[in-house]
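A quick write-up on the structure given underneath.
Basis for what follows: all heavy atoms, side chains included, without hydrogens, waters or symmetry-related copies. Residue numbers begin at 1 in each chain, while the letters A, B, ... track the order of the sequences.
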Amino acid sequence: MSLNTTSAWLEARTSPTLLPFFEKVTTSDANLKGAGGGDSDGYPIPVEGRLQWLAVYDGITLHTDSDNRVLSAGSRISVYADNVGGSFTVKVYIDGSPSGMQVTGVAENADLFATVLVVLKEA
Amino acid sequence: MSYWTDTARVSTHLSPLLPAGGVVRNTEIVFDGYDDVQLPHNNIVPASETLGMIAQQIPSGPVSVTLNGETWTAIGTSGLAPGTVTVASTSFPDGWYAENSDYAINYAEGKLKRIGGTTTIPDGATVRVWFMPYTIFTRDVDYVIDNDAGTVKRVAGTTSIPDGGRVAASYESYTARATSTLIAQAITEAEDKILARLRDDYDSSSTDQGLVTGATELALSIVCDALAASTLGAANDPGADNRARRYMDLAERFEARAAMTLSRFLTQPVRAEAMVRPNRTDPRW
């Protein structure tokens, strides 16, 4: 926490949030399901935020990627497993398009647990 | 009117004896109604004090400011509370910049500029600024101050300082102070003493250097006595007793020196009544 009172106040107005996704994959492309079983189009983020972290566990290896991508209020988050022949590249999508945040070498025929970290700004 | 010495001459000898005062920054005081509030020190240097406070709970901003070169650029508000300014590249905010490395701030005027050589802010970039405004109160409108006593109080009817308000006070205090009024009075008293015992072949129009020197020394003795007395009354000054004792020693030395310097101009001193007392080698007035 910053000793600058204004910076501390600004930091306190943001909060990290974890979005979990899951899918039993075989060898075909697949959308990972989020809370309530939804997939494909994506979960809306109600306020401005930042996409900062993707972690995928395939039962053998933890795969991670980090960045600081802008999320506008209303952006929709989804996770997609793209089979590239022998493994998956798991990608975070924003509004149905790849965000650039992804992990590679994810195992086929596995239970994929994925978490996406977003930092949200207080409305 | 002085005959032999003057304020400037006495002040010249006096200046090495007056140590620099202290500067106090942002000491908190709390006003209670219209009662006097004691600052941590007395003998405040006139017009050296500032009283201010942060009057809001939430920072203002973000304000967008474009920084070109190393030009000071106003953010639109003067009077910023030190340590409360945050500058970032976005309004989220992210891409935070560091004060004294990336940018410099003029808190009083509310201005910002890039620091050449160390800044990571691109030339011509627009940054976002958050801050807490700082209200500086006006002497004789919001408060009055007694410099000698070191007290302040709110002014009924015109003050904007809230009752119970926590205010940051900054000021400069004298360690010891010899005003021109004190020096002038000391010269008057010293020269009167000399005139009372001046030999018939001298008068107030005499220009002998010995009279000038002696009058100066005697005036310095009187001033040092006054400094000793005022130093004893200094608040929150652990060195006051020792310093007062030194001023008293100086007063005695100046007095003895004056008596020796003036001895050839004066009639014999009146003898005291016979009494048992230790021998003294230094002449007394």
Task: Interface moiety of A/Arg13 toward chain B, non-hydrogen atoms closer than 4.5 Å - done: neither

TODO: First locate atom CE of B/Met132, then atom CG of A/Asn4, and finally report the distance between them rounded to the nearest 0.5 Å.
DONE: 9.5 Å

TODO: Take atom NZ of A/Lys121 as the centre, draw a 6.0 Å sphere, and report whether it contains more than 12 heavy atoms from other residues, nucleotides or ligands.
DONE: yes

Task: Which of B/Pro93, B/Pro59, B/Ala81 touches chain A most, by non-hydrogen pairs under 4.5 Å - done: B/Pro59

Open item on the list: Looking at B/Glu28, I want to see if its CD is surrounded by more than 12 non-hydrogen atoms of other residues, nucleotides or ligands under 6.0 Å.
Closed with: yes

TODO: State whether the number of non-hydrogen atoms from other residues, nucleotides or ligands found under 6.0 Å of B/Arg25 atom CZ is greater than 12.
DONE: no

- [ ] Let me know if A/Val119 has heavy atoms under 4.5 Å from chain B in its side chain, its backbone, both or neither.
- [x] both

Open item on the list: Looking only at the side chains, is there a donor atom on one of B/Thr86 and A/Ser7 sitting less than 3.5 Å from an acceptor on the other?
Closed with: yes

- [ ] Let me see the working for B/Phe92 and A/Thr14 under side chain to side chain contact (heavy atoms under 4.5 Å, CB included), right down to the final yes or no.
- [x] CA-CA 9 Å; B/Phe92 182 70; A/Thr14 60; 4.2 Å; yes

Open item on the list: Checking A/Asn68 against B/Asp94 for the side chain to side chain contact (heavy atoms under 4.5 Å, CB included) test, could you report, in this order, the C-alpha distance in whole Å, the side-chain angles of both residues, the deciding distance, and whether it holds?
Closed with: CA-CA 9 Å; A/Asn68 192 46; B/Asp94 39 30; 3.3 Å; yes

- [ ] Mind checking the OG1-CD spacing from B/Thr90 to A/Glu48? Nearest 0.5 Å is all I need.
- [x] 7.0 Å

Task: Over all atoms of both residues, closest heavy-atom pair of B/Val85 and A/Thr6 - done: N-OG1, 4.5 Å

